[in-house]
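Read through the structure below, which is laid out as structure tokens, and then see the notes.
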Amino acid sequence: MTTNKNNLTTSWGAPVGDNQNSMTAGSRGPTLIQDVHLLEKLAHFNRERVPERVVHAKGAGAHGYFEVTNDVSAYTKAVFLSEVGKRTPLFVRFSTVAGENGSADTVRDPRGFAVKFYTEEGNYDLVGNNTPVFFIRDAIKFPDFIHTQKRDPRTHLKNPTAVWDFWSLSPESLHQVSILMSDRGIPATLRHMHGFGSHTFKWVNAEGDGVWVKYHFKTEQGVKNLAPDVAAKIAGENPDYHTEDLFNAIEKGDLPSWKLYVQIMPLEDADTYRFDPFDVTKVWSQKDYPLIEVGRMVLDRNPENYFAEVEQATFSPGTLVPGIDVSPDKMLQGRLFAYSDAHRYRVGANHQALPINRPRSEVKNYQRDGQMRFDDNGGRSVYYEPNSFSGPTESHENKQAAYPVSGVADSVAYDHNNHYTQAGDLYRLLNEDERTRLVANIVEAMKPVEKEEIKLRQIQHFYKADPDYGKRIADGLGLSVPQQVK
Ligand code: NDP
């Protein structure tokens, strides 16, 4: 009898005779190449890792649901948002940005906040961060920016000189740098932070009318942060602190939740608003565009398998459903390419068909073949369009909403260069203790910068945001604010 319900098998399903002793010529060896089970086992082991994400490599994920709590159908025809009480299953992946897959959780870094809604019209991915803005506003700068956040090619160490050199020469980063260096730069847990879509998107209603929209997930656990010394201690003692906290909370039924709000801007305001609303280094003041409640997200189930669900989850800001379109935000436009491209490289051309990524709605198209095509590859159905065999057809009502564009094709910066007002607004919004900690965090982070010229350039940016902000950082570094900005 060779089969038994609990037989260990090869990947081809044959029972394995010995999984503890390799086959050798005589008891002392050498090992025989004819031990094909050994060969398969070692070869598969060598291939256990897929390339880790260049950014957002360390992540934690959970399943949950979204429930609509307010009628927003006047703004979007997205079916999953169409009526109060409607629930949609989802999967969330939180992450740090710069560290490797095994790096510590409690570091000062933005957190990725990526949500995959499995709607009946296909998946909708909202791939944001725990910060409302970003460091740069044009995707062409992203590889350089990330190089400064990762390891120095010579020393394989983090390089604060590169970090501050880039930021000081890219003053659009000032607002996000200020958020990162504030208390909220190290969340207490993944449950105690907000999430933001960060970019501007467009919602379109059933009549075809559009509005610009920004997303805010507000934590129902309250915002809590870690002091840098506590975070450093935890990073040494338990580098997986956030991952463990999320898993344990869900496991014991302490389910984390967030309220989703949007800010809605009429399309025509984009031409006259005092900041370019598509510039992802800026927020829209909530005094101008108040938060409108949409619904509630609850995480209620841990993954069964980390690799299958969290590592293989693929999110892209270009994964959209009817009623939700993109905006001209240049950072978003670049991400529309970069995210899916990363997943094609990292997970494969058919990554959308993996169980964690597969839409819960039916997928019908003319894409065929490719590596790891593990479904029926469309079977015998028609594989080209147009065709006379009743293949799936396009639905024009689901086209992205048309909108006029004009201009000269050229490589140009945003024409709006006030990088200082909103960073200063943030500084002025903080209480005295928060300001003191913000300044101390920045001073500590800038101390190792090797060139004084870089420190002085960056101090000018802080000074332009708020003279008190700049002066206190200069004092902390034992430098003076350069004359030309005073
Ligand atoms: P508002 O007073 O209308 O909004 C202030 C926002 O700041 C709220 O979203 C608040 O959300 C958040 N906030 C409060 N305390 C802190 C803190 N210590 N660190 C970071 N964020 C905090 O003012 P404006 O909309 O005019 O924005 C003023 C500044 O607030 C901006 O320059 C920006 O830096 C910051 N901000 C603005 C956001 C926006 O969407 N407008 C979003 C987040 C920050 P909460 O108390 O729930 O955290």
Side-chain angles (χ1 to χ4, degrees), residues 108-111 113 126 128-137 167 171-201 211-228 256-265 269-270 273-294 296-297 327 329 331-332 416-442 461-462 464-466 468-469:
R108 187 173 299 284
D109 205 6
R111 300 304 188 276
F113 196 112
L126 188 47
N129 280 330
N130 69 333
T131 58
V133 295
F134 196 59
F135 297 95
I136 51 172
R137 51 187 181 167
W167 282 343
E172 69 270 30
S173 62
L174 189 70
H175 192 186
Q176 173 81 326
V177 169
S178 299
I179 293 174
L180 178 67
M181 292 294 159
S182 78
D183 290 345
R184 297 189 184 194
I186 316 180
T189 79
L190 300 168
R191 300 176 293 125
H192 291 91
M193 62 185 196
H194 295 329
F196 300 89
S198 304
H199 301 289
T200 298
F201 292 88
V211 288
W212 301 120
V213 63
K214 271 192 190 273
Y215 296 89
H216 301 244
F217 282 101
K218 295 256 187 189
T219 171
E220 293 195 314
Q221 290 65 242
V223 169
K224 276 194 202 157
N225 308 299
L226 291 175
S257 57
W258 285 258
K259 268 277 175 67
L260 177 65
Y261 298 85
V262 287
Q263 288 177 284
I264 298 278
M265 178 187 283
D269 286 16
Y273 192 50
R274 61 181 181 280
F275 290 98
D276 187 327
F278 307 123
D279 173 350
V280 71
T281 66
K282 307 289 186 297
V283 293
W284 303 350
S285 174
Q286 293 170 34
K287 296 172 195 85
D288 300 335
Y289 301 101
L291 299 182
I292 299 170
E293 185 177 322
V294 181
R296 186 163 177 262
M297 174 171 84
S327 79
D329 174 336
M331 193 65 212
L332 171 62
H416 182 103
N417 276 321
N418 180 349
H419 311 304
Y420 304 105
T421 301
Q422 291 199 352
D425 288 345
L426 177 71
Y427 183 75
R428 290 179 286 273
L429 171 133
L430 303 180
N431 66 35
E432 182 49 33
D433 288 347
E434 289 174 325
R435 288 183 196 181
T436 302
R437 291 194 293 270
L438 169 66
V439 167
N441 292 337
I442 292 171
H461 298 317
F462 290 125
K464 286 185 196 165
D466 192 292
D468 182 60
Y469 192 14

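All values reported here derive from a predicted model rather than from experimental measurement. Atoms within each ligand, like the ligands themselves, are counted from 1 in listed order.
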Could you point out which residue of F201, F278, W284 forms a ring pair (Phe, Tyr, Trp, His ring centres under 6.0 Å) with W212?
F278
Residues in side-chain hydrogen bond (donor to acceptor under 3.5 Å, both in side chains) contact with E293, at least two apart in sequence or another chain:
T69
May I have all residue pairs that pass salt bridge (charged side-chain N to carboxylate O under 4.0 Å, His left out) and include part of residues 417-430, sequence neighbours excluded?
D425-R428, R428-D466
Residues in the immediate environment of ligand 1 (any heavy atom closer than 4.0 angstrom)
P132, H175, R184, H194, H216, K218, Q263, V283, W284, S285, Q286, K287, Q422, D425, L426, L429, L430, E434
Tell me, do Y215 and F113 make a side-chain contact under 4.5 Å, heavy atoms counted?
no
Please determine if R435 forms a cation-pi arrangement with Y427, meaning its NZ or CZ atom is less than 6.0 Å from the six-membered ring centre and no more than 45° off the ring axis.
yes
Under the ring-ring contact (aromatic ring centres under 6.0 Å, His included) rule, collect the residues that match up with H194, sequence neighbours excluded.
none
